[in-house]
Amino acid sequence: MKRLLAAIAVWVAAVSAPASAAEPDFAPLARLIRQTKDATAHPSGTAVAVVKDGKVIYEGYFGDADIAARTPVTRETVFYIASATKPFFALNALLREDAGQLDMRMSMREMFPDLRFAGFDADAVTLGDLLIHGSGVDNPPLVWATAFSGVHDAASRRALVGLSVADPEAAHGTFKYTNVGYNIASVWMDARFGTPWQAQLERAIFQPLDMRHTTAWISRAQAARWTLAKPYSFASEDPRVPLYLAKSDDTMQAAGGLVSTAPDLARFLLAQFPDARAGGLPAAAILRSHQTRIGLEAKYQDFQRSGYAWGWYTGPYKGRTMLHHFGGFAGFHAHLSFMPAEGIGLVVLNNEDMLGAQLTNLIADHVYGLLLGEKDIATTSTRRFSELQEKARAFRRNTLAKREEIRARAWHLSAPRERYIGTYRHDLLGDMVVTREGPDGLRIRWGRLDAVATGAEQLDHVRVEFAPNSGQLLAFTVKDARVESIAFDGMAFRKRDDASVSGAFASGADVSGGSALSPR
């Protein structure tokens, strides 16, 4: 009788226990992603990783890392993640503070006692302000040098910090998203700890989390023969041709300077949940990095942003609290997001910058909708993916028409074309070299940047695309038919009388700082 009663009890418990939740089915999402790539005839790559309850529950890999070679994206494909670097850099700073090695309250005056700042109160702006985008400081030369031209070394970066000015669009204590704060902080941290920020992240985060395919040095990824996704853009004249502006060691910077894989980044997201943290990263520092430090009101696609923490945007998404950071650069779009209370996180990586951003928005909608139990998510996703495919076709038509319009713009130069040709020098930013392109055109090179100019409405202005598919205006100063300088984003390059260039900042020279920036 006792055995019978025990058996009955076991049976009752079994039939009365709630059935375990069915495993989420990501097959419909995978079909929608493939259908979109087929419908747009653009097979650029997309990598997806989903984490829930302390483990990776889905990985999906689509399209090509190299379209011409038909190299498929896999879990080992390495993508540039651009500004999604910021949560890593901010976390490293918090870990340093917990170890008593820095103080977020330290002022810029204390950080750079040898520099003379003008136009803002360097005693009031703190290291913490720099990392939460509340410094009220701007510095276009530092941003262009470190992220685009690659013409810099340790000495010039420190000198460029001295060119910081008050941001006319955002006062101290007001949020404005830029790369400036992270660039300035990295210059100080490199000097303070005697090792580059790249190596600091490797020791503090990548190694403890066993992120074996993550680095801030392109040269290391190349030496290890990792599959690096090439950059593409749906806005290019030929979207299947990689963009010219590939990342190099000297353009990997603290505000956007990592390459990684979806599985590695999933490890980083798993570490954001204290109950499932990996690698021994201190829970206190992780949780502190999630705390909102400054308020804002903004929206990017479906994502509301009400605050910024230490390298993370915060805000509501589908009625829950979400932390996220995205990364966008020519040819790439990266997405990192997670919901702390729900234990859910998402990684999406693309080696395309226009369509990829829109596609990622819909992937996130589907993943979070599915995991949060939205009953109509399948229907909603089908509709939204179909709408994206239609928008993509219209986008291509409009893009080609716009390019024709740009090429047809008249030139308004006050001097003969040949007088604009020459080398223009900035003591800290190197040389901008103007050469003839074809019978009537001009080509402009500045370090890693290379663009063929087109006409502009303003007198003695030309349009270039230093950053592919993003126009910038250069202004020549001409007096008495003599071309004297080029002005660009507040930077002035003065024309040299002789065409010869010598010294560390010769055009095309590798001034990445040698051992100060990379292991070679």
Side-chain angles (χ1 to χ4, degrees), residues 83 85-86 89-90 93 102-193 196-197 250-257 293-294 296 308 310-311 425-430 432 446-447 466-467 472 486-494 505 511 513 516-517:
S83 287
T85 300
K86 291 182 175 72
F89 187 89
L102 62 76
D103 187 339
M104 291 293 189
R105 297 170 297 180
M106 176 177 282
S107 72
M108 280 188 66
R109 183 84 67 198
E110 294 170 306
M111 293 163 65
F112 302 98
D114 56 322
L115 299 182
R116 297 294 175 261
F117 298 106
F120 67 96
D121 186 357
D123 290 309
V125 178
T126 66
L127 174 60
D129 292 333
L130 295 172
L131 298 183
I132 64 171
H133 307 290
S135 68
V137 171
D138 199 10
N139 194 322
L142 181 61
V143 171
W144 276 97
T146 54
F148 294 96
S149 78
V151 182
H152 58 86
D153 58 19
S156 70
R157 291 193 299 273
R158 189 172 186 86
L160 286 170
V161 170
L163 301 183
S164 299
V165 298
D167 191 325
E169 299 177 356
H172 177 223
T174 303
F175 179 88
K176 180 185 176 184
Y177 182 81
T178 71
N179 283 352
V180 172
Y182 282 69
N183 292 157
I184 293 174
S186 71
V187 172
W188 179 76
M189 290 181 70
D190 285 1
R192 168 67 179 82
F193 299 112
W197 65 269
D250 51 22
T251 57
M252 298 282 274
Q253 36 81 38
R293 302 296 301 173
I294 191 169
L296 63 130
Y308 197 86
W310 297 104
R425 163 68 60 87
H426 187 292
D427 288 343
L428 295 177
L429 299 170
M432 196 174 285
W446 174 25
F466 281 151
Q472 299 91 36
I486 296 175
F488 169 56
D489 203 1
M491 300 169 277
F493 295 73
R494 296 199 62 81
F505 290 111
V511 290
L517 282 179

* To do: From the options I184, L142, V143, select the one residue that forms a side chain to side chain contact (heavy atoms under 4.5 Å, CB included) with N179.
  =>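 For N179, the side chain to side chain contact (heavy atoms under 4.5 Å, CB included) test succeeds with only one of I184, L142, V143, which is V143.
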* To do: For side-chain contact (heavy atoms from CB on, under 4.5 Å), just list the numbers for W188 and V161, CA-CA rounded to whole Å, side-chain angles, deciding distance to a tenth of an Å, and then say yes or no.
  => CA-CA 10 Å; W188 179 76; V161 170; over 6 Å; no
For residues 130-137, please give each side-chain donor-acceptor pair under 3.5 Å, one per line with the distance, not counting sequence neighbours.
| residue | atom | partner | partner atom | Å |
| --- | --- | --- | --- | --- |
| H133 | ND1 | T178 | O | 3.2 |
| H133 | NE2 | Y308 | OH | 3.2 |
| S135 | OG | V137 | N | 3.1 |

Heavy-atom pair with the smallest gap, counting every atom of [X] and [Y]:
{"X": "M108", "Y": "S164", "result": "CE-OG, 4.5 Å"}
{"X": "Q472", "Y": "F466", "result": "OE1-N, 2.8 Å"}
{"X": "D129", "Y": "H172", "result": "OD2-NE2, 2.8 Å"}
{"X": "A93", "Y": "M104", "result": "CB-CE, 3.6 Å"}

* Asked: Are side-chain N/O atoms of N183 and S186 paired as donor and acceptor at under 3.5 Å?
  ->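 No, S186 and N183 have no side-chain donor paired with an acceptor closer than 3.5 Å.
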* In terms of side-chain heavy atoms, does Y182 have a donor or acceptor partner in T85 at a distance below 3.5 Å? ->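 The criterion, which ignores hydrogens and geometry beyond distance, is not satisfied for T85 and Y182.
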* To do: Using ring-ring contact (aromatic ring centres under 6.0 Å, His included) as the criterion, list what pairs up with F117, not counting sequence neighbours.
  =>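 Listed in chain order: F120.
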* Dump the intermediate steps for side-chain contact (heavy atoms from CB on, under 4.5 Å) on R157 and T146, then the final yes or no. => CA-CA 8 Å; R157 291 193 299 273; T146 54; 4.1 Å; yes
* With sequence neighbours excluded, residues passing side-chain hydrogen bond (donor to acceptor under 3.5 Å, both in side chains) with D138 ->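 side-chain hydrogen bond (donor to acceptor under 3.5 Å, both in side chains) check on D138 returns nothing, list empty.
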